Q: 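I have a structure here, written as structure tokens, and I will follow up with some questions on it.
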Protein chains: 2
Amino acid sequence: MARQAAGKIAAPPLEADDAEIDLGILNDVIGFRIRRIQNHLSRAFLARAERYGVKPGSFSAMALISANPGISQIALSREIGFDKATVVALIDGLERAGWAERRRPPGDRRRYALYATPKGQDVLSDLRAQAIDAEQPIRGALTAVELEQLFGLLDKIYASCFVDLAT
Amino acid sequence: MARQAAGKIAAPPLEADDAEIDLGILNDVIGFRIRRIQNHLSRAFLARAERYGVKPGSFSAMALISANPGISQIALSREIGFDKATVVALIDGLERAGWAERRRPPGDRRRYALYATPKGQDVLSDLRAQAIDAEQPIRGALTAVELEQLFGLLDKIYASCFVDLAT
DNA sequence: TATTGTTATACTCTATAACTATA
DNA sequence: TATAGTTATAGAGTATAACAATA
């Protein structure tokens, strides 16, 4: 509501526009409501992580590799929702940065086993801090109970995305 | 089941396949948890809405135009998070499809006032049904109370994205 | 034949910058 | 000078398809 952002000249006397926009039917569409939040979070995180040179997906990839040492590229691609071909360039970047590495596992010479390097672990730790920091406004606006509710709901919701596969 | 974290001795973990992937620190990152849900919803909706020829943003744009008759392109761009230049092509498409139209309002000949056509209203109604249908698995997995909790949390969360502007 | 990874390619989406016309 | 809209352009991001190596 308070328009005056610090530092600038008097706020442009925009007509009521902004604050009074009606979402209409979008109010009931979960996907829309979630997307605008995700857009904000994404931009806030990327702005903070800029100096690390992270690209969309590389943070997620690093986290998954770190948590699942030896994971294959194809399993990784499924988990982050990218095509396997896209993951190739992603891992190339991680290797160039020295954050992760490919190793040939003894059993199967088709696949690569992915591992995070110590340097990668450090960067990941920093990136996690940036991600949490970017979400601080949200965490600050919710009570501990609400935050717990949120994660519980996200659990249920994500699980529900796959139930129909079994029916 | 949890394989020794990155130990050097740790035997090559045979791929634990999808279901056993550990999210690691991503478990605590709201942005990641939200994004994977949004990805699913987005794809489910686009698959259903394919035959309408909707592009990303056109459903949101139609809903906002319909709920805010006479809205300007620039106000619309702010609301859906696109650049004003991007909105031009978006509205071009909506006009070509006969779903929306630009009118010059009497007061200010710089701006356009956007309106949904009757045909646009009909399509919007269909699209809304598709969106809700795409979300059906989620709605089915949540109780009425949980669904209400969800919308309440989304309200609070989105509002919190802007509070820092006032500080 | 199926699976993992790679390459080459093309397409979609979106922002940026410079411009016009109104105010 | 500031705002609404437009155009042209470039870039990021991603998928698709064909392929090689291995199983």
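For clarity, every value in this text was computed on a predicted model and none was experimentally measured. Naming: A, B, ... by sequence-line order, numbering from 1 per chain.
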Q: Does B:Y52 have any ring-ring contact (aromatic ring centres under 6.0 Å, His included) partners at least two apart in sequence or in another chain, and if so, which?
A: none
Q: Starting from the C-alpha separation in whole Å, work towards a yes-or-no answer on side chain to side chain donor-acceptor pair (under 3.5 Å) for A:R36 and B:S60.
A: CA-CA 11 Å; A:R36 50 200 331 228; B:S60 303; over 6 Å; no
Q: Expressed as a whole number of angstroms, how long is the span from A:R104:CZ to C:dG5:P?
A: 8 Å
Q: Please enumerate all residues that pass salt bridge (charged side-chain N to carboxylate O under 4.0 Å, His left out) together with B:D108, with sequence neighbours excluded.
A: B:R110
Q: Can you tabulate the close N/O pairs, meaning under 3.5 Å, that link protein atoms to atoms of nucleotides 20-23 of chain D?
A:
| unit_1 | atom_1 | unit_2 | atom_2 | d |
| --- | --- | --- | --- | --- |
| D:dA23 | OP1 | A:R109 | N | 2.8 |

Q: Mind checking ring-ring contact (aromatic ring centres under 6.0 Å, His included) for A:F45 and listing every partner two or more places apart, or none if nothing turns up?
A: A:F59
Q: Provide the full list of salt bridge (Lys or Arg N to Asp or Glu O under 4.0 Å) pairs with a residue in residues 149-159 of chain A, sequence neighbours left out, each pair given once.
A: A:D155-B:R33, A:K156-B:E146
Q: A:I74 CD1 to C:dT6 P: how many Å, rounded?
A: 11 Å
Q: Quick one: salt bridge (charged side-chain N to carboxylate O under 4.0 Å, His left out) partners of A:R102, sequence neighbours excluded?
A: A:D92, A:E95
Q: Could you state the CZ-C1' distance from A:R103 to C:dG5, rounded to the nearest angstrom?
A: 18 Å
Q: What pairs with A:T86 under side chain to side chain contact (heavy atoms under 4.5 Å, CB included), at least two apart in sequence or on another chain?
A: A:F82, A:D83
Q: Roughly, in whole Å, what's the span from CG in A:L90 to P in C:dT6?
A: 12 Å
Q: If the condition is side chain to side chain contact (heavy atoms under 4.5 Å, CB included), which residues does B:R103 pass it with, not counting sequence neighbours?
A: B:E101, B:Y115
Q: Go along nucleotides 6-16 of chain D 5' to 3' and tag each nucleotide: B for a protein heavy atom under 4.0 Å from its base, S when only backbone or sugar atoms are that close, - otherwise.
A: BB-----SSBB
